[in-house]
Amino acid sequence: MSYTRLAPRMSGAGSSPTAEISNKVRALTVRGHAVVNLGEGELDFPTPPAICAAGIAAIHDGDTKYTAVAGTAELKAAIRNKFSRENGLTYANDEVIAGAGAKQLIFNAFLATLASGDEVIVPAPYWVSYPDMVRLAEGVPVIVACTPEEGWKLTPQALAAAITPRTRWIVLNSPNNPSGAVYSPAEMKALTDALLAHPDVLVMADDIYEHVRFDCEFATPAAIEPRLAERTLTINGLSKGYSMTGWRIGYAGGPAWLVGAMQVLQSQSTSNPSTISQRAAIAALEGGLAFMTGWLETLRERRGIVLDAIARIDGLSSDVPEGAFYVFSDCRAMIGAKTPDGRVIANDLDFATYLLEAAHVGVVHGSAFGTPGYIRIAYAVDTDTLRAACRRIEDACRALLLKAAA
């Protein structure tokens, strides 16, 4: 007799595709293959030394006990100061919260607010976890396709058309994962203007890539339109901009009623984020961003390496991403191609699988982001390693027999 009995909500959720790619890469590596993982969204830079020193000091000081669920008073002050200094957003103490990564805070917000059948508008391409988190909270993700012609950005017209009486949230992620698209202040203002006509819709601003931008302005909804502040949750964290993925620390600012509900959920699940990570986060938020200049120069070079390689490959193309550290490449011309052993590339997952098997390079297929026919290439890896990976991709693609040439 089987005792396996999962909750119905599990039927609509799957493992993170980016995590699955990483698992496949690790498995190949264990078997002795030299695999390059361009599928994981993680900077290769070490966490800045001053931030590390703050975490080490926390250990030496014995600062290793429970804290308040939403974070220490010192961390919450640093979060409030950051929002005020960099974004022009003012929050009271009960309007900010720290958690074990931005991902936890997004999930808690959905869990706290969604009833069965409530809708969440998710522009595609989207971060892989949004739809599944909505489903786990018994909501309904409403996917709105954006196009490369629109710069992969949601338009006010598409937003207005997607809103129904059941709409509870709209998710806005800028700079965007996976496309690298960044909403200009004018583009964000057009969206916030449209949202003013729908007072029951909550706004989730996922700003996790805020500091990873190339020659463009950053705009967050609650700052662009203060009248939306009372129903906007602004999510951010240290993982991407500070190369602190493993520290697991995120933060958010929003209305007290929502932040309070998220705190209740956190108190019954993870409780406070790591005390050591909180001390490091204070150092990060208060220490300035001087290190970003060099990082962005390196990332710009790496972005160019990938774009140059794509330009040399028949069947691949890409626009120049303005932010994050991904290139979202069109691979639709590869669909229908034949591999050297006669297999047909039927879709973007097949193409990504082919690159993993033939080139030993991991990328993520666009269908995982709600946009079939594309692949996401993460270029936040060692520059020489990236060059070698791009050469492997080029060689593997040249070995394909494209449908048009068949």
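A quick note: this is a predicted structure, and the numbers were derived from the prediction, not measured. For this chain, numbers begin at 1 and follow the sequence in order. Atom set for the values below is all heavy atoms of this structure, side chains included, hydrogens, waters and symmetry mates excluded.
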Charged N to carboxylate O under 4.0 angstrom, [X] versus [Y]?
{"X": "R387", "Y": "D382", "value": "no"}
{"X": "K189", "Y": "D193", "value": "yes"}
{"X": "R168", "Y": "D200", "value": "no"}
{"X": "R85", "Y": "E286", "value": "no"}

Exercise for review: Evaluate the ring-ring contact (aromatic ring centres under 6.0 Å, His included) criterion for residues Y209 and Y326: first the C-alpha distance (whole Å), next the side-chain angles of each, then the deciding distance (0.1 Å), finally the verdict.
Suggested key: CA-CA 11 Å; Y209 292 93; Y326 311 108; 5.8 Å; yes
Check your understanding: How about E217: does its CD atom have over 12 heavy atoms from other parts shown lying under 6.0 Å from it?
Key ->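 No.
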**Study point:** Within 6.0 Å of CD in E150, more than 12 heavy atoms from elsewhere
**Key:**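 More than 12 heavy atoms, drawn from other residues, nucleotides or ligands, come within 6.0 Å of this atom.
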Review point. Can you list the steps and then say if D44 with R302 is a salt bridge (Lys or Arg N to Asp or Glu O under 4.0 Å)?
Key: CA-CA 12 Å; D44 66 311; R302 293 172 177 176; 2.7 Å; yes
Heavy-atom donor-acceptor pair, [X] side chain to [Y] backbone, under 3.5 Å:
{"X": "R9", "Y": "R135", "value": "no"}
{"X": "S271", "Y": "S267", "value": "no"}
{"X": "Q266", "Y": "M262", "value": "no"}
{"X": "R376", "Y": "S179", "value": "no"}
{"X": "T298", "Y": "G294", "value": "yes"}
{"X": "T232", "Y": "L228", "value": "yes"}
{"X": "Q278", "Y": "T72", "value": "yes"}
{"X": "T339", "Y": "R343", "value": "yes"}
{"X": "S329", "Y": "S317", "value": "yes"}
{"X": "S174", "Y": "N176", "value": "no"}

Practice item. Go through Y242 and L289 one step at a time and tell me if the side chain to side chain contact (heavy atoms under 4.5 Å, CB included) criterion holds. Key: CA-CA 9 Å; Y242 294 84; L289 292 161; 3.5 Å; yes
Review point. Does one side chain, of S274 or W247, offer a donor that lies under 3.5 Å from an acceptor on the other?
Key: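 Absent: no donor and acceptor within the cut-off.
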Kindly compute the distance separating [atom1] ([X]) from [atom2] ([Y]), expressed to the nearest 0.5 Å.
{"X": "F351", "Y": "I335", "atom1": "CZ", "atom2": "CD1", "result": "8.0 Å"}
{"X": "L316", "Y": "C331", "atom1": "CG", "atom2": "SG", "result": "7.0 Å"}
{"X": "D63", "Y": "E74", "atom1": "CG", "atom2": "CD", "result": "8.5 Å"}
{"X": "I59", "Y": "I276", "atom1": "CD1", "atom2": "CD1", "result": "4.0 Å"}
{"X": "L258", "Y": "I97", "atom1": "CG", "atom2": "CD1", "result": "9.0 Å"}

Practice item. Kindly determine whether T147 and W152 satisfy side chain to side chain donor-acceptor pair (under 3.5 Å), including the steps that lead there. Key: CA-CA 5 Å; T147 68; W152 296 119; over 6 Å; no
Exercise for review: Please lay out, stage by stage, how E95 and K76 fare under the test salt bridge (Lys or Arg N to Asp or Glu O under 4.0 Å).
Suggested key: CA-CA 9 Å; E95 294 177 324; K76 293 178 78 173; over 6 Å; no
Check your understanding: Is the Lys NZ or Arg CZ of R303 less than 6.0 Å from the centre of F214's six-membered ring, within 45° of the axis?
Key ->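 The answer is yes, since R303 meets both limits relative to F214.
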Practice item. Please test R80 against F83 for side chain to side chain contact (heavy atoms under 4.5 Å, CB included), starting from the C-alpha separation and ending with a verdict. Key: CA-CA 5 Å; R80 293 169 61 196; F83 277 130; 5.9 Å; no
Exercise for review: Please name the pair of heavy atoms, one in V344 and one in K338, separated by the smallest distance, quoted to 0.1 Å.
Suggested key: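 Heavy atoms only, the tightest pair is CG2-CG, 4.1 Å.
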Check your understanding: Taking it one step at a time, do R398 and D395 satisfy salt bridge (Lys or Arg N to Asp or Glu O under 4.0 Å)?
Key -> CA-CA 5 Å; R398 289 195 185 99; D395 291 343; 3.7 Å; yes
Exercise for review: Any chance you could lay out the side chain to side chain contact (heavy atoms under 4.5 Å, CB included) test for L307 and I305, step after step, and finish with the verdict?
Suggested key: CA-CA 6 Å; L307 291 173; I305 290 168; over 6 Å; no
Point to revise | Check against side chain to side chain contact (heavy atoms under 4.5 Å, CB included), R248 and S239 | key: CA-CA 7 Å; R248 304 313 306 138; S239 291; 3.6 Å; yes
**Study point:** Audit row: R312, E394, salt bridge (Lys or Arg N to Asp or Glu O under 4.0 Å) steps and yes/no
**Key:** CA-CA 8 Å; R312 292 191 294 267; E394 290 183 60; 2.8 Å; yes
Review point. Pick one: which of N87, T220, N173, N236 meets side-chain hydrogen bond (donor to acceptor under 3.5 Å, both in side chains) with D207?
Key: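 Result: among N87, T220, N173, N236, T220 is the only option passing the side-chain hydrogen bond (donor to acceptor under 3.5 Å, both in side chains) with D207.
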Review point. When you look at W127 and F369, which way does the ring-ring contact (aromatic ring centres under 6.0 Å, His included) test go after all the steps?
Key: CA-CA 6 Å; W127 177 46; F369 306 100; 10.0 Å; no
Practice item. Given side chain to side chain donor-acceptor pair (under 3.5 Å), test E301 with T383 step by step and report yes or no. Key: CA-CA 8 Å; E301 178 189 5; T383 303; 4.6 Å; no
